[in-house]
Amino acid sequence: MSENQCSAANSVAHSHCSSCGAAYGEDISGWPRTCPACGTVAYRNPLPVAVALQPVYDTKGTALVVITRTIAPARGGTALPGGYIDDREDWRQAVVRELKEETGIDAAAREVRLADAMSSPDGHLLLFGLLPERPVESLPQFSATDETEGRHLLRRPVELAFPLHTLAVRAWFEGRYL
């Protein structure tokens, strides 16, 4: 088969897994896509990431909600709730969706404000959305998910699983996002 014939045979953009080369199948209209052969999840635009800064308070003071990850990268690490922004999704909606998916906490997209935007060395753009402070007792009971095995309160800046999360947490505790 010539190069032109090969290109014509595979002319449907994004119809094959970029990890193993297997075809996604007949229905390739939606995103994200999971490869039926290797299980790799592909996103239409995998670079923008929405990250939630959810402050909470109790008698011990103010803290940030963090999670323990059960997926790569940084499996077992502590991180802020966050993930990829879906195709055609508003970044504020992504912040509250990720917060809900990873912690069980409901929030309104209209209440999210941009705290920071940072670029990682690997090309990801992280948008840190700050939510209004809420009392700890208003949080729902945590249930583990496919992505998280714990929800915790961070009461001081510490090293997190991702360097930019560490920088954002430090900035929040220093009062730079108020």
Side-chain angles (χ1 to χ4, degrees), residues 13-14 17-19 24 27-35 39-56 63-134 138-154 157 160-173 176-178:
H14 311 293
C17 176
S18 61
S19 291
Y24 284 116
D27 182 20
I28 57 167
S29 60
W31 294 93
R33 295 180 184 158
T34 302
C35 176
T40 298
V41 178
Y43 295 84
R44 182 172 179 132
N45 187 2
L47 298 181
V49 175
V51 183
L53 291 162
Q54 177 61 73
V56 294
L64 283 174
V65 173
V66 293
I67 52 96
T68 302
R69 295 175 55 85
T70 59
I71 59 171
R75 181 180 288 119
T78 301
L80 292 165
Y84 292 122
I85 299 171
D86 290 339
D87 185 38
R88 298 189 176 127
E89 182 180 33
D90 181 276
W91 72 271
R92 291 171 219 72
Q93 292 171 330
V95 167
V96 298
R97 177 182 50 76
E98 289 291 342
L99 182 67
K100 174 73 173 176
E101 287 175 4
E102 296 185 3
T103 69
I105 299 171
D106 282 311
R110 70 181 178 281
E111 294 181 325
V112 179
R113 73 173 182 83
L114 184 63
D116 213 333
M118 297 183 214
S119 292
S120 68
D122 61 0
H124 288 83
L125 171 65
L126 281 71
L127 300 175
F128 291 87
L130 180 62
L131 292 133
E133 190 175 289
R134 60 176 68 194
S138 74
L139 299 181
Q141 185 171 359
F142 176 78
S143 294
T145 71
D146 291 343
E147 298 180 10
T148 62
E149 64 184 7
R151 180 183 75 197
H152 318 282
L153 300 182
L154 192 62
L160 297 178
F162 302 108
L164 297 183
H165 289 209
T166 301
L167 292 176
V169 163
R170 188 175 303 131
W172 185 83
F173 276 102
R176 290 190 270 151
Y177 294 158
L178 299 178

*Can you check whether L99 reaches Q54 side chain to side chain, under 4.5 Å on heavy atoms?*
yes
*Under a 4.5 Å cut-off applied to non-hydrogen side-chain atoms, are T103 and I67 in contact?*
yes
*Closest approach of G39 to T34 (non-hydrogen atoms, all atoms of both residues)*: O-CG2, 3.7 Å
*Between R97 (side chain) and E101 (backbone), is there a donor-acceptor pair under 3.5 Å?*
no
*Any side-chain heavy atom of L127 within less than 4.5 Å of one from V95?*
no
*Quick check: does any side chain N or O of H165 sit under 3.5 Å from a backbone N or O of A79, one acting as donor and the other as acceptor?*
no
*Atom CD1 of I105 and atom CZ of R151: how far apart are they, to the nearest 0.5 Å?*
5.0 Å
*Under 3.5 Å, side chain of R75 to main-chain N/O of T70, donor-acceptor pair present?*
yes
*In Å and rounded to the nearest 0.5 Å, what is the CD to CD1 distance from E149 to I71?*
11.5 Å
*Considering non-hydrogen atoms only, spot the tightest contact between V112 and G129 and give its length.*
CG1-CA, 3.7 Å
*asked:* Less than 4.5 Å apart, side chain to side chain, heavy atoms only: is that true for L153 and V65?
replied: yes
*Mind checking the CG-CG spacing from L160 to L154? Nearest 0.5 Å is all I need.*
6.0 Å
*asked:* How close do G76 and T68 get, counting heavy atoms only, and between which atoms?
replied: O-CG2, 3.8 Å
_Y84 side, atom OH; E89 side, atom CD - distance, nearest 0.5 Å_ = 14.0 Å
*Taking E102 for its side chain and G82 for its backbone only, find out whether a donor-acceptor pair lies under 3.5 Å.*
yes
*What is the minimum heavy-atom distance between C17 and Y24, and which atoms define it?*
CA-OH, 3.5 Å
*Can you find a heavy atom in the side chain of V56 that is under 4.5 Å from one in the side chain of S138?*
no
*Looking only at non-hydrogen atoms, find the nearest pair between V169 and P157 and report the distance.*
CG1-CA, 3.9 Å
*Just how far is it from atom CZ of F162 to atom CG of L126, taken to the nearest 0.5 Å?*
9.0 Å
_To check you understand the geometry: which heavy-atom pair defines the closest contact between V41 and P32, and what is its length?_
CG1-CB, 3.8 Å
_From D116 atom CG to L164 atom CG, the distance as rounded to the nearest 0.5 Å_ = 9.0 Å
